[in-house]
Each structure stands twice: as C-alpha cells, then as structure tokens.
Protein chains: 2
Amino acid sequence: MEDKLFRHINQYISLSEEDFRNIIPFFETKKLGKKEILVQAGTSCSHNHFVLEGCLHMFFVNEKGVERTVQFAIENWWMADFLAFQNKNQTEFSIQAVEESHLLCISYEKQEQLLTQFPQLEKYFRIIYQIGYGAALVKMKFLFDLTKEEIYFHFTENFPDFAQRVPQYLIGSFLGLTPEYVSEIRAKKRS
Amino acid sequence: MEDKLFRHINQYISLSEEDFRNIIPFFETKKLGKKEILVQAGTSCSHNHFVLEGCLHMFFVNEKGVERTVQFAIENWWMADFLAFQNKNQTEFSIQAVEESHLLCISYEKQEQLLTQFPQLEKYFRIIYQIGYGAALVKMKFLFDLTKEEIYFHFTENFPDFAQRVPQYLIGSFLGLTPEYVSEIRAKKRS
DNA sequence: CGTCTCGTTGAGAGTTTTCAATGTAAGTGG
DNA sequence: CCACTTACATTGAAAACTCTCAACGAGACG
C-alpha cells in the first residue's frame, strides 16, 4: 500500500528501496470514513497528507454558512494548507474525506527532519509544489476567462471520471457555482 | 544589485557568499522598459525570472480580446509559468513589464544545472513554490467568498501601496472585474 | 417506514457585464 | 511651449448572468 508513495516519488527523483524503507517510519497511516473531518479550520495545520486511496477536499465556511471547496486530493496527491504549514499559522481551511480514504500523514517537524536527513526529497517536494502552484494559476485562468456555465462544463468534460465520483454540489462548490445553478445549466443543456 | 537575490535566498536557507558568487554566473540580467514583453504566449517558457526592481504581470488574452492578469511580481518575486516550465510545454501566458524593470533570468537547463550543482537550493525553491501555491489557494478563497466589489476593496485595503503603484484597470484585470465596474464601485463608495 | 442527503424547479432580485460615449491627464513630436 | 495623440478613467442604460429563497422529488440507508 505504501508503495504508492514510493512509486510516486520515483516518478520525479530516483530513490532506492532501502532509503524508502527508512523513510516510511516518518509517516503514520490513517483511515477516514466518508465525511470524517481530518483538519478543523482554526487549528494549527500541523500535518501534511498523502492520499493512498480515496478523496479529500479542503474547504472553508463563509460568514453566510456556505461551504466552499478550494481543493480536492485523490490518490497520489498531497494535501495540506501549505501556507499555514510554512508559516506555522492556524489554517483557515478544513479538510474532510469525501470518500473512505487511506492516508499517509507526516507532522511538520517530522517533515523537516525527513528533508534534513534525505535532502534528495527537497527536489521531490519542490516539483510537487511547482506543479501545484502552476496548476492553481491555470485554474485561475479558467475562473476569469469563462462564465460559470462554461467553467462547469469545461471541468466536467475534462475530468469526466472525477465529475461522477463526487457529488455534483461539491463540483459546484469547487468551481464557485451554487447547487441550484448547476442544476439549472444541466437542465438547459439537456433540452 | 544582485545582492537582493542573495538576501532573499538567505531568508530561507543559509548560503555562503562564496557559493553565491558561483551562482551568479548562471543568471543573466535583463532590463525591460515599461510595457515591454518578456515572454510571449504560445512560445516555450524557457526562463525563470527574479525581479530585482520593477513590476511584471503575467496575463492571457481571451477569445474576445480581453486581457486578464493572473499574477503580478514585484521586487523579490519569481515569475514564470511554472507548469509549462516543469512540463516543457508552451506557455499560455504572456509576461510583460508594468514598469521599467530589472531582472535576473535563468534558463530551464541552467536552473537544472544550478540545482544539481547546489542542491541546497532545492530547499529554497521548494519553499518559494510552497508559499506561492499556498497564496494561490488563499486568493482562490477570496475569489469564491466575496462579491467582486468586496474582492476589489479587500485587495486595495490590504495592499494600498501596490494598488496605487499600478493602473486601476490592471488591478481589475487581476481580480476579475471590468474597468467600468471598478469605476462604478469606486464612485458608489465615494458618495 | 421515516429520515437524511442530494438534486431539481421556478420566480424574483441582485450583481456584473457590455456597449457607446465622454472626460482627463500625461507624454510626444514639432 | 503647444497641439496632438494615447492611455486611462468615468458615466449611464440595457442586457445577461447568477444567486437567493422556498418548495418539492427521489434515492439510500438504517
């Protein structure tokens, strides 16, 4: 199971199996049931998480009580509030399991130790964050360029598997549409 | 002048002056006049850029011919399409000087060499991207949470200096408001 | 069977954009 | 220094988009 991380790391750098065996003890595994909360907004975001199986989403609740998803993570993704993580602030975001999920978790301190002890991993994380950062800018591009309707269909057409894996209202929440409006444009399209 | 990079790096890792002297030759300096184009959308985004002085913005032009800014960079920021940079794709974004600017530029290949030769810099870039990624998610939060009007005033109140440093329509373009609407809400607020 | 979650529908209201016209300040070449 | 041009900002009216609210429907699950 943990092999998934090994294979993922080896997509970007080359790491020996032996090193990997020494790396594994830095992590704990964790299982989450559907809808279980992993990190609560307002607490310190003390861990980084690698998804072995399942799906997480990171969200906040605005003053009107509406939940807004800013990020999903499925298999082979890392999930944390990296800014809070870096600055050791409290996080403004909660993280919750969308499905039953299986994770590797590492605390901030342990990750620091890990990177000190295995500096070749700096490159791995550098690339992970570089990709995440770049992808966030591309998402921003779509958010600005397209109408909500276009955003929705662009997303569902590009990620059809994912779109039917999670509830429709979460997709809406991720893309900034109300559930009612999602319904409306889907109905409009059908006709 | 290049010292700015040295000081910036030393905010995150510790690097000797001697190492820095060996690092500098990897970069070329470049001066840009106001409105000069640094990277053209559709070309390969072959360089990473560190702003010593001035201000850049990264934008794209949508099918209606409207320019949309996705990112600014002022002193001590790195600017590139990191996703294209990583994947060696063509970039969808152009980069242009907002003011007269002074940069350090490094090609993809040279940056690879640099990181191989000075692996302690992996950590520096890891942190840079981690912060950028985290900040992009926080921006996303505001884009979803607030109305355009709130977004605009939230931004100008939090970055008053920057807000008067660049033209108002660029702030609008960065936050996703038309210039007309920016005018309107500013007038509304004055009254 | 009852409850909870998710999706749908429709009307009305609010927000934001578009388009076209005008104003203004600043820069440039003569 | 003036006239001209360009870049940026403003205004108003109409249209388009998206949300809110309230109610209802359907399926899953205990």
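Bear in mind the structure is a predicted one, so any value in this text is a computation, not a measurement. Labels below follow one simple rule: chain letters A, B, ... track the order of the sequence lines, proteins then strands, and each chain is numbered from 1.
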Problem set entry | Residues clustered with A:Phe85, ILVMFWY side-chain links under 4.5 angstrom | A:Tyr108
Exercise. Which part of the nucleic acid, if any, lies within reach of A:Thr147 when heavy atoms closer than 4.0 Å are counted: base, sugar-phosphate only, or nothing?
Worked result: sugar-phosphate
Exercise. Taking CD1 from B:Ile185 and C1' from C:dG14, how many angstroms apart are they, rounded to a whole number?
Worked result: 15 Å
Seminar exercise, completed: Output for pair (A:Gln71 CD, A:Asp81 CG), nearest 0.5 Å, gives 10.5 Å
Exercise. With sugar-phosphate meaning primed atoms plus P, OP1 and OP2, does B:Gly176 contact a base, only sugar-phosphate, or nothing at under 4.0 Å between heavy atoms?
Worked result: sugar-phosphate
Problem set entry | Bending between helix ends of the helix from C:dC1-D:dG30 to C:dG30-D:dC1 [5 pairs per end, 10° resolution] | 50°
Exercise. Which sits closer to the 5' end of DNA chain D, A:Glu149 or B:Val166, going by the nucleotide each is nearest to?
Worked result: B:Val166
For this session: Would you please name every residue forming a side chain to side chain contact (heavy atoms under 4.5 Å, CB included) with B:Asn62, sequence neighbours left out?
Result: A:Asp145, B:Phe60, B:Lys64, B:Val66
Problem set entry | Neighbour count above 12 (heavy atom, 6.0 Å) for A:Glu112 CD | yes
Problem set entry | A:Ile171 CD1 to C:dC6 P, straight-line distance once rounded to whole Å | 13 Å
Problem set entry | Of B:Glu180 and B:Lys34, the one whose closest DNA chain D nucleotide lies more 5' | B:Lys34
Exercise. To the nearest Å, how far apart are A:Lys148 NZ and C:dT16 C1'?
Worked result: 11 Å
Problem set entry | side chain to side chain contact (heavy atoms under 4.5 Å, CB included) partners of B:Phe142, counting only residues at least two apart | B:Val138, B:Leu146, B:His154
Exercise. Within the structure, does a side-chain N or O atom of B:Thr178 lie under 4.0 Å from either OP1 or OP2 of C:dT17?
Worked result: yes
Exercise. When the distance from CZ of B:Arg186 to P of D:dC8 is rounded to whole Å, what number comes out?
Worked result: 15 Å
Seminar exercise, completed: B:Gln168 atom CD is separated from D:dT11 atom C1', nearest whole Å, by 13 Å
Problem set entry | B:Tyr181, nearest nucleotide to its side chain (from D:dA9, C:dT15, C:dC6) | C:dT15
Seminar exercise, completed: Winner on side-chain proximity to B:Leu177, out of C:dT17, C:dT8, D:dT10, is C:dT17
For this session: Report the residues that fulfil side chain to side chain donor-acceptor pair (under 3.5 Å) with A:Arg21, sequence neighbours left out, ordered by chain and then residue number.
Result: none
Exercise. Can you check the B:Glu184 CD to C:dT16 P distance for me, whole Å?
Worked result: 10 Å
Exercise. Between atom CD1 in B:Ile151 and atom C1' in C:dT15, what is the gap in whole Å?
Worked result: 12 Å
Exercise. So, is A:Lys35 near the phosphate of C:dC6, with a side-chain N or O under 4.0 Å from OP1 or OP2?
Worked result: yes
For this session: Identify whether any heavy atom of B:Tyr169 sits under 4.0 Å from a base atom; if not, whether one sits that close to sugar-phosphate; answer base, sugar-phosphate or nothing.
Result: sugar-phosphate
For this session: Grab the OH-C1' distance between A:Tyr152 and C:dG7 for me, whole Å please.
Result: 11 Å
For this session: State whether the side chain of A:Gln96 and the backbone N or O of A:Ile37 hold a donor-acceptor pair below 3.5 Å, judged by distance alone.
Result: no
Exercise. Looking for any heavy atom pair under 4.0 Å, which part of the strands does A:Lys188 touch: base, sugar-phosphate only, or nothing?
Worked result: nothing
For this session: Applying ring pair (Phe, Tyr, Trp, His ring centres under 6.0 Å), name anything that partners A:Phe26, two or more places apart in sequence or on another chain.
Result: none
